[in-house]
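Here is the structure we will look at, set down as structure tokens.
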2 protein chains.
Amino acid sequence: MTKPKEVTIYDLARKLNVSIATVSRALKDDPVVSKKTKKKIFDLAEEMGYRYNHFARNLREQRTYTIGVIVPRLNSYFMSTVIAGIESVANNEGYTLIISQSSEKADKEMASAKTMFNNRVDGMLVSLAYDTEDIAHFDQFIKKNIPLIFFDRVADHPDCTNVLIDNRKGAYEATCHLIAQGCQRIVHITATPKRNVYVDRLAGYKQALADHQIPFDDKYILINNLSQEAGAQAAATILQMNPLPDAIFAANDNCAVGCMIALKKAGLRIPQDIAFAGFNNDPVSTVIEPNLTTINYPGYKMGEMAATSLINHLNGVNSIDSTNTILLRSELIIRASSLRTKSDSE
Amino acid sequence: MTKPKEVTIYDLARKLNVSIATVSRALKDDPVVSKKTKKKIFDLAEEMGYRYNHFARNLREQRTYTIGVIVPRLNSYFMSTVIAGIESVANNEGYTLIISQSSEKADKEMASAKTMFNNRVDGMLVSLAYDTEDIAHFDQFIKKNIPLIFFDRVADHPDCTNVLIDNRKGAYEATCHLIAQGCQRIVHITATPKRNVYVDRLAGYKQALADHQIPFDDKYILINNLSQEAGAQAAATILQMNPLPDAIFAANDNCAVGCMIALKKAGLRIPQDIAFAGFNNDPVSTVIEPNLTTINYPGYKMGEMAATSLINHLNGVNSIDSTNTILLRSELIIRASSLRTKSDSE
DNA sequence: TTGTATGCGTTATCAT
DNA sequence: ATGATAACGCATACAA
């Protein structure tokens with residue numbers, strides 16, 4: 001139970017009859033220290049099991065080499081991929097991550113923000129929760145000049161960089177594809193208009209309709225939380241429609257899958273009766289039958305970009321003003337769920 | 001770019017004409033301070049935007065209120081659920097999490113361990129990587145009396161508590177179920193014998209066979225990394241077998257799904273030609289057709305238990321000697337992929 | 001109930 | 001090339 005005493009630079013200094021200043025300098029490989037003493041110090045440090053005390057440094061340097069990450073949830077393929085990307089960059093640059101999930105709740109997000117603020121993170125990487133309305137809980141960072149970068153679920157803020165894909169374009173392409181397959185009554189399942197990703201995807205959907213002279217109809221817009229269960233419930237609503245829609249474009253794959261399963265159970269054939277497209281290219285999209293057409297979404301890259309941009313900023317490499325938005329490429333992946341023209345190939 | 005100056009207890013003390021000791025005591029709600037002064041101090045702290053400096057405290061108290069978490073990967077439903085459980089407990093108790101993924105590689109795991117050690121975590125929560133042989137990189141924690149708890153992918157270590165399910169029992173039940181469905185030639189797909197979970201599941205499988213007088217046959221054991229792709233490759237191997245096996249028990253759902261898809265493509269009917277069982281109750285198990293029989297696995301609970309146990313230990317509540325293993329309940333969930341008796345119901 | 005003084009382990013400034 | 005010393009912000013033993 002007793003904590004063994006930590007070895008400090010004082011201990012090293014005493015044993016070698018040098019000053020702590022010399023030890024400190026040697027330990028960070030300062031060229032001003034002679035090779036000989038440096039070697040002596042390194043060796044002794046190793047031998048005595050010296051370990052660097054980050055807190056003393058943080059206290060002294062007023063920074064923590066820690067980055068706070070808040071995501072809506074960890075258990076989505078996309079998010080965990082993003083985090084992997086963030087981690088690789090952060091580790092490389094000597095930063096530690098504090099990760100927290102908001103579970104899609106604004107109040108949890110606020111609590112996490114506060115925790116991270118109190119932990120004196122050097123910078124923040126945030127993807128907003130489903131129901132966050134107001135982003136005032138991030139003002140504390142801005143005020144203290146702590147850089148904050150939003151990714152994927154972003155917010156418009158004059159002081160923050162955003163990293164995301166062109167959601168509007170992705171949705172536009174998916175919808176155009178459905179139209180090209182002969183679909184006219186296309187349902188769009190999406191989530192809260194509080195989040196840019198859903199607003200933009202809806203806009204892309206609308207524009208695709210407009211560009212093909214298909215009138216937009218409110219009743220074809222279904223709003224839910226995009227869970228698989230919500231997809232199943234959406235299916236019930238869809239089955240009530242008369243005439244039945246001939247395509248569904250869901251704002252994520254999970255929801256699309258829940259909906260597909262329910263519609264199949266109701267006896268509809270996909271894509272013949274109703275075509276499907278999703279968003280995200282989640283692994284589940286290649287498990288569902290027929291495989292789901294979707295938008296591929298560079299999660300790992302997004303994580304890397306966000307982290308790199310943040311760290312560059314921390315190092316003063318690029319000014320936060322210079323880049324306000326980083327847009328990543330996405331792509332439509334066409335699979336059997338939407339292929340009506342030669343639907344039964346393979 | 002300039003860092004605004006931080007407010008400290010000195011600033012508060014000066015403005016109120018009290019000592020820093022009083023401020024320090026008031027801030028942590030020490031009953032010894034009078035209500036009046038306490039209120040004054042709280043109000044001023046609020047007004048001046050004072051924030052607590054964890055590093056000064058850490059430096060002073062020689063602890064960090066930080067817990068290190070190392071997992072094989074974040075992007076599995078199971079692991080992210082475990083982490084959600086860990087997080088809820090840790091947050092409640094005022095601990096911060098540093099999370100890192102080993103990406104199933106021993107060297108990354110070692111690097112993460114070192115980082116966390118240098119960050120002076122108060123305790124560790126670890127689930128081992130696929131290819132970790134030697135757990136010597138955790139000795140540094142043991143030596144410093146930093147408690148370490150393994151969960152799910154555990155190691156036998158006299159000084160560590162393990163939190164896991166009874167993998168042997170789970171596998172035994174799954175295998176018995178397959179046998180009860182009339183299967184005799186049961187392939188078991190599993191992973192490295194370096195990890196307890198796979199060793200135990202294999203043992204459960206073997207015991208089930210033995211208890212039903214079915215001879216064990218080496219060639220029915222397939223070892224891979226349990227990815228979906230590996231499942232597809234396993235399918236190729238299985239198709240070479242003569243006679244064909246009549247059941248597959250995979251050590252996780254992902255791999256089972258990959259294998260099912262490939263076998264279906266090859267024209268086999270599930271469960272009529274070949275029955276399937278997996279492990280984990282991953283959401284994908286209810287997307288694949290037919291739905292996958294599997295072992296449900298209490299991830300959130302496991303995270304809560306591991307975190308609670310660690311924090312209790314940190315608080316000196318329970319000695320690490322008192323509980324060396326915490327076993328959680330798991331359960332067999334029977335779905336269509338293994339139901340041969342009345343296979344086509346529903 | 002409040003105050004004084006010291007140490008926690010660094011880094012950095014100024015000397016030498 | 002090396003050393004002495006002053007911060008950094010807080011908690012606490014001891015005093016008052």
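The structure displayed is predicted, hence computed values, not measured ones. Side-chain atoms are counted along with the backbone in the values below, which use heavy atoms only and exclude waters and symmetry mates. Below, read A as the first sequence line, B as the second, and so on, with proteins coming before strands; counting in each chain starts at 1.
- At the heavy-atom level, B/Thr8 lies under 4.0 Å from the strands shown only through sugar-phosphate atoms.
- With rounding to whole Å, B/Asn119 atom CG is found 14 Å from C/dT10 atom P.
- One can place CZ of B/Phe55 at 24 Å from P of C/dG7, the figure rounded to the nearest angstrom.
- For B/Lys36 and C/dT2, the NZ to P distance is 10 Å, given to the nearest whole Å.
- Salt-bridge annotation for B/Glu104 and B/Arg195: absent, with no side-chain N of the basic residue lying under 4.0 Å from a carboxylate O of the acidic one.
- With D/dC10, C/dT10, C/dG9 as the candidates, the nucleotide lying closest to the side chain of B/Asn53 is D/dC10.
- Under a 4.0 Å N-O distance rule, the pair B/Lys15/B/Asp11 does not qualify as a salt bridge.
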Report task. Starting at the 5' end of nucleotides 1-6 of chain D, put B wherever the base has a protein heavy atom under 4.0 Å, S where only the sugar-phosphate does, and a dash everywhere else. Result -> SBBBBB
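- Set against D/dT12, D/dG9, C/dG9, the side chain of A/Glu6 has C/dG9 as its closest nucleotide.
- Atoms CZ and CE, on A/Phe138 and A/Met110 in that order, are 9.5 Å from each other to the nearest 0.5 Å.
- Rounded to whole Å, the distance from CZ on B/Arg120 to P on C/dC8 is 13 Å.
- Rounded to whole Å, atom C1' of D/dG9 lies 12 Å from atom CG of B/Leu27.
- If you measure from atom CZ of B/Arg57 to atom P of C/dG9, you get 17 Å, rounded to the nearest angstrom.
- A salt bridge between B/Lys38 and B/Asp29 is present, with a side-chain N of the basic residue lying under 4.0 Å from a carboxylate O of the acidic one.
- C/dT2 atom P lies 15 Å from atom CD1 of B/Ile9, rounded to whole Å.
- Closest to the side chain of B/Tyr52, from the set D/dC10, C/dT10, D/dC8, is D/dC10.
- Two residues are said to be in side-chain contact when any heavy atoms from C-beta on lie closer than 4.5 Å; A/Leu148 and A/Val126 meet this criterion.
- Nucleic acid contact for A/Arg51: sugar-phosphate only, since backbone atoms but no base atoms lie under 4.0 Å from a heavy atom of the residue.
- Phosphate proximity of D/dG9 to A/Gln62: present, with a side-chain N or O under 4.0 Å from OP1 or OP2.
- Remark: C1' of D/dG9 and CG of B/Leu59 are 9 Å apart, rounded to the nearest angstrom.
- Taking the six-membered ring for Trp, B/Tyr77 and A/Tyr77 have ring centres at least 6.0 Å apart.
- Rounded to the nearest 0.5 Å, atoms CD (B/Glu109) and CG (B/Asp107) are 9.5 Å apart.
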